[in-house]
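This is a predicted model, so every value here is computed, not measured. Order of the sequence lines sets the chain letters (A, B, ...), proteins ahead of strands, with each chain counted from 1.
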Protein chains: 2
Amino acid sequence: MATRTAAQHRADVRAAYDAYLATCPARQLLDRISDKWVSLVLNALADGPLRYRDLNRIIAGVSQKMLTQTLRTLERDGLLTRTVTPSVPVRVDYRLTPLGHSLLPVMASIKAWAECHIEEVQTARMDYDRGLAAEPPVPGP
Amino acid sequence: MATRTAAQHRADVRAAYDAYLATCPARQLLDRISDKWVSLVLNALADGPLRYRDLNRIIAGVSQKMLTQTLRTLERDGLLTRTVTPSVPVRVDYRLTPLGHSLLPVMASIKAWAECHIEEVQTARMDYDRGLAAEPPVPGP
DNA sequence: CAGCATCCTAGTAGATACTG
DNA sequence: CAGTATCTACTAGGATGCTG
């Protein structure tokens, strides 16, 4: 029983911490912008509104499903607006809101760090991997 | 045949774009820091080195597997150092490198935006969800 | 204390086909 | 043109038990 209680306690702590993280603003923002396609959409729309098809073309690797899903999420979060022009065929434009625009400097700071330091990271990775290869768990004779 | 070729072409474009993204510094950084536990570890170590067990206690929700995995990745990327003191029992300390420290301002800018604007986002979400509820696809009589 | 190995499941991305 | 719907495959992550 003590074991059960301890396990239960751990589960409780974890659940409580998860709940805390769910309300953490920075966590929420990170979850949003770290999405593979979000940063690309934001960047594509930085210079002005675009139609669905243009986004789909510019962001060459995205599937319709993911593009639509990403756009809907960003619209829901108030980061961009979706404007439907009921012509034939229909036309839909996406445009960053001021809130969406305010996010661009944050993205820029991320980009700046990355472009400035990513080489150090890659060097560190290579060193680490070489170190692993040179240090077998059980040295030979 | 034309269909096959078109599908193949799409697949090629997608693969090429994925390869491009894989080399994009900003993308790599985002992938790293967006990891659920990375930001928490970085934050925990901001004020000084900590032992494994302390990290595990401070970051209450993390499993041993994920904490170890996260620490290994960060070590590999040169963002922190791992120091083993071969006492009995063994003691392991983790400390941010200068490179790791240089990342803190970036995290701070993310946090700053989040704390400043997350309420707008939440309001937008509520509005969006209410709008959906009030606009059924097929209006009743 | 600080992990590693194993198993398992739940969410998510992509392919595909269809529609207003 | 701009989506929606459905299915499958993958994998990130948690639980558990064992070790130097």
Can you list every salt bridge (Lys or Arg N to Asp or Glu O under 4.0 Å) pair that touches residues 104-122 of chain B, not counting sequence neighbours? none
Hey, where on DNA chain D does chain A first and last touch, going 5' to 3'? Cut-off is any atom under 4.0 Å from a heavy atom. D:dC1 to D:dA15
Among C:dA13, C:dC4, C:dT6, the one nearest any side-chain atom of B:K65 is C:dT6
Hey, what do you get for CG (A:L103) to CG (A:L99), rounding to the nearest 0.5 Å? 7.5 Å
Short side-chain N/O contact from A:Q69 to OP1 or OP2 of C:dA13, under 4.0 Å: yes
I'd like to check the side chain to side chain donor-acceptor pair (under 3.5 Å) partners of A:R91; sequence neighbours left out, ordered by chain and number. A:D93
State the CD1-OG1 distance between B:I118 and B:T123, to the nearest 0.5 angstrom. 10.0 Å
Counting only heavy atoms and a strict 4.0 angstrom limit, can you tell me which residues of residues 35-57 of chain A come near DNA chain D? A:R51, A:Y52, A:R53
Could you give the distance from CD1 (B:I110) to CD1 (A:I110), rounded to the nearest 0.5 Å? 4.0 Å
Between B:D93 (CG) and C:dG3 (P), how many Å, whole number? 10 Å
What's A:V92 touching, base or sugar-phosphate or nothing? Going by heavy atoms closer than 4.0 Å. sugar-phosphate
Indicate every side-chain donor-acceptor pair of residues 37-56 of chain A with a distance under 3.5 Å to a residue at least two apart or in another chain.
residue, atom, partner, partner atom, Å
A:S39, OG, B:R27, NH1, 3.2
A:Y52, OH, A:Q64, O, 3.3
A:Y52, OH, A:T68, OG1, 3.1

Same apolar cluster: B:M126 and A:L74, side chain cutoff 4.5 Å: no
Taking all heavy atoms of B:S34 and all of A:L30, pick out the closest pair and write down the distance. CA-CD2, 4.2 Å
Nearest-nucleotide check on DNA chain D, B:V90 vs A:V90; residue mapping nearer the 5' end is A:V90
Drop me the distance from B:Q69's CD to B:L71's CG, to the nearest 0.5 angstrom. 10.5 Å
Ordered by number, residues from residues 16-32 of chain B within less than 4.0 Å of DNA chain D (heavy atoms) are none
So which of residues 72-85 of chain B are in contact with DNA chain D, with a heavy-atom cut-off of under 4.0 Å? none
Measure the spacing between CD1 of B:I59 and OG1 of B:T70 and express it to the nearest 0.5 Å. 8.0 Å
Please tabulate, one pair per line, all N/O donor-acceptor pairs under 3.5 Å involving side-chain atoms of residues 75-83 of chain A, not counting sequence neighbours.
residue, atom, partner, partner atom, Å
A:R76, NH1, B:D129, OD1, 2.9
A:R76, NH1, B:D129, OD2, 2.5
A:D77, OD1, B:R125, NE, 2.6
A:D77, OD1, B:R125, NH2, 3.4
A:D77, OD2, A:R32, NE, 2.4
A:D77, OD2, A:R32, NH2, 3.3
A:D77, OD2, B:R125, NH2, 3.4
A:T81, OG1, A:R95, O, 3.4
A:R82, NE, A:Y94, OH, 3.3

On DNA chain C, compare the nucleotides closest to B:P89 and A:M66; which residue's is nearer the 5' end? B:P89
Could I get the full list of side chain to side chain donor-acceptor pair (under 3.5 Å) partners for A:D35, not counting sequence neighbours? none
I'd like to check the side chain to side chain donor-acceptor pair (under 3.5 Å) partners of B:S109; sequence neighbours left out, ordered by chain and number. A:S109
Which angle, to the nearest 10 degrees, lies between the helix axes at the two ends of the helix from C:dC1-D:dG20 to C:dG20-D:dC1, each defined by five pairs? 50°
CD-CD distance between B:Q28 and A:Q122, expressed to the nearest 0.5 angstrom: 5.0 Å
Keeping to residues at least two apart or across chains, list the ring-ring contact (aromatic ring centres under 6.0 Å, His included) pairs with something in residues 98-133 of chain A. A:W113-A:H117
Where B:S63 and A:R14 come nearest, the two heavy atoms and their spacing: CB-NH1, 3.7 Å
